[in-house]
Amino acid sequence: MPTIKAGDLPQTISLPEGQVLTVTGAPGATGVVYLLDPVLGGTNSLQSWAVVSGALAPIGPYAGEQRLLVTCSAGSVIATTANAAVSAARVGRDVAGVAASVGDGSTQIPLRVNQLVGSMRAAGTGLPAATNSVSSGAATKSFAGAISAWGPFHAVQLIFGNHTATPAVIDNSCVATSSTAYPGGVFNIAAPSSGFGAPTGPVTVPAAIGADATAMRRRPGIALSPKMPARSVPRAAGELDNGKYELLFWRNVRLGNNNTFTFGDLGTGFPAAWDAVNEGFSILTADPTFGVDTVANPGSVVTSTRETGVAGLAIVGALFHYDRKMTTIGGAGDSIFVGSPNSSGVIGAPYIFKAAARVRATGKMVSYFNGAISGSSMQAINLHGRDIVDLNMLDIMVVHSHTINGMTPTQLSGNAADWDGQWYFMMDLIQYHLDKKSGNQVLILTPLPNDSFTPSQNALRLKQRDRVINSGLPYVDVESLADSLGHWANPAHVLDGTHPSPLGHEALCEKVKPVLLTMVP
């Protein structure tokens, strides 16, 4: 693997097609990487950005490594640094990122860390799970739940997330299907009509990447369970939680003394709050079972009681294998995209979930995927979004043209450079998504209002809005929600000056849904 050391810079190295340039350095280090265009014969550059595959790619400031995946034809690069803190630049094939063979589905697929991120509803689950805890204690503890898919399915893989710095082990899991979670009008997900399938065995979930003290801002480690046959059946009418789509039941167990088992919760009072806003998509959890392995011995529990307090669960989503072609809508984002805070009554049901669910209710076959993480900067959204794109999970990527969290974790909104940088990161992610496969689409929202904007920041907001409108890409203009200062025009639409209230998400949904209807076949 060719390596350029700091003392040798600048220097030209070969960059074959489909390989990765990794720049290593200390926090705050800056540098420039130039791609020598083989056609133009010159160097494309822009201050501290690098031009790679025709798109801008930053290398600083940063902490640790920046990995730039280059998909252009063979060429050369020049790497240079602004200070000696950048220790090396090297080129090599991204072995860790090569897609694993699915094979016959009988073994765990070894996903690379970060390929799925954040608060996920992968391929349509709806789980706003914050898996930033590890278990403790000597007793065996079993978790159980049921969630809706977005259409008929024949197999499923559970998705496990880990925001901690320690690899986690899910000791065992199993799944089942049923027409109802309320047999005889009483909640019970202990005895599904299909019976529980074969246990998966243990699954190891990699540790998260990142030193941020806030666990949810790290890039989580993710693992999939083995592919499990699970034939869905039509949902019974009149379910007591308002659910109407096909159900998946699951169980996970943490055996005694497994202190790395990762799990999360859905917030206090989640069940009753969710049922009122679920758009027909169930999220149902049962009281945990202590001292019994209900995966190896599924018949040991014959009835279940729905949790009425904090709903605990070990999965962060489910990858459904559907019977029909789905158009998946979603993407990466910040807390607004997540649907935070849970105490708001939004409860993981942001505007994009509402819009996708209502498009599905028209009969169009769509599913929903949300890889957002609260507190994400636009740079982090770019990285999380690329991880999602690498899995080919999205057909329509929804993106915000601005986040109040800034361009990078250390660069908050407030000046032209920040707004320009956010535009760069957003457009870079859009290009990455559109180049991934034919048929991919994008939907951009103009900048959301914020009650903290000063007059100068509002001018920058309006400039960003013009960029969106003139981009030639599909967009939704949310300007009618803002007043002349760029603040929320209706105080009922916002909770704290930044996060939309349930009414605010409803207002956003009403703007986004008609556009999605035109984009979905």
Side-chain angles (χ1 to χ4, degrees), residues 120-126 148-152 245 279-281 320 322-334 336-339 349-372 381-382 384-386 388-402 423 425-448 464-481 500 504-521:
M120 274 172 291
R121 304 133 183 105
T125 67
S148 295
W150 290 63
Y245 295 102
E279 303 283 343
F281 291 90
F320 290 101
Y322 289 109
D323 294 339
R324 296 178 58 183
K325 181 182 182 298
M326 287 283 186
T327 297
T328 305
I329 301 167
D334 57 14
I336 293 175
F337 208 103
V338 169
Y351 74 89
I352 188 61
F353 164 75
K354 294 177 181 293
R358 293 173 195 181
V359 170
R360 177 69 183 89
T362 68
K364 293 195 174 188
M365 300 306 292
V366 302
S367 61
Y368 172 61
F369 182 106
N370 191 332
I381 291 169
N382 176 289
H384 301 159
R386 283 171 169 258
I388 294 169
V389 170
D390 284 343
L391 281 184
N392 278 323
M393 289 297 297
L394 292 177
D395 299 299
I396 300 175
M397 175 182 282
V398 182
V399 293
H400 289 178
S401 53
H402 176 263
W423 181 260
F425 281 120
M426 183 200 72
M427 291 298 287
D428 178 71
L429 175 59
I430 286 172
Q431 180 176 4
Y432 193 73
H433 174 63
L434 296 179
D435 288 347
K436 183 65 176 182
K437 69 176 185 289
S438 176
N440 274 0
Q441 301 181 77
V442 66
L443 181 61
I444 313 172
L445 268 67
T446 59
L448 297 179
Q464 201 86 325
R465 174 178 178 256
D466 288 341
R467 285 170 168 167
V468 173
I469 293 171
N470 295 323
S471 68
L473 295 166
Y475 70 90
V476 172
D477 189 2
V478 301
E479 190 63 16
S480 64
L481 302 181
H505 278 286
E506 188 68 28
L508 288 167
C509 169
E510 289 304 306
K511 292 184 174 296
V512 169
K513 176 193 167 186
V515 182
L516 286 178
L517 280 169
T518 68
M519 299 175 70
V520 176

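Annotation: the span from R465 atom CZ to E479 atom CD amounts to 4.5 Å, rounded to 0.5 Å. The OG1 atom of T518 sits 12.5 Å away from atom NZ of K513, with the distance rounded to the nearest 0.5 Å. The CG atom of L516 sits 9.5 Å away from atom CD of Q441, with the distance rounded to the nearest 0.5 Å. Here NZ of K436 is found 12.5 Å from CD1 of I388. Values are rounded to the nearest 0.5 Å. To the nearest 0.5 angstrom, H400 atom NE2 is 11.5 Å from M426 atom CE. Separation of atoms OH (Y475) and CG (N470) is listed at 8.0 Å; rounding is to 0.5 Å.
Among residues two or more places apart in sequence or in another chain, the side chain to side chain donor-acceptor pair (under 3.5 Å) test is passed with D395 by none. For K511, the side chain to side chain donor-acceptor pair (under 3.5 Å) criterion is met by S480, not counting sequence neighbours.
Looking at every heavy atom in both residues, A332 comes nearest to H384 through CB-CB, 4.0 Å. The two atoms that bring F281 and A149 nearest to each other are CE2-O, 3.4 Å, heavy atoms only. Nearest heavy atoms, V366 versus A356: CG2-O, 3.5 Å. Nearest heavy atom pair, residue L394 against residue I329, reads CD2-C, 4.2 Å.
Here the side chain of E279 pairs no donor or acceptor atom with the backbone of F353 at under 3.5 angstrom. Proximity of a side-chain donor or acceptor of K364 to a complementary backbone N or O of V520 within less than 3.5 Å is detected. Using modelled atom types, no side-chain atom of T328 and backbone atom of S367 make a donor-acceptor pair closer than 3.5 Å. Distance alone, capped at 3.5 Å, is enough to place a donor-acceptor pair between the T446 side chain and the V478 backbone.
Between F337 and Y351, the angle of the ring planes goes over 60°, which puts this pair in the perpendicular group of the 30/60° scheme. Between Y245 and W150, the ring planes are parallel. Angles under 30° get that label, and only those over 60° would be called perpendicular.
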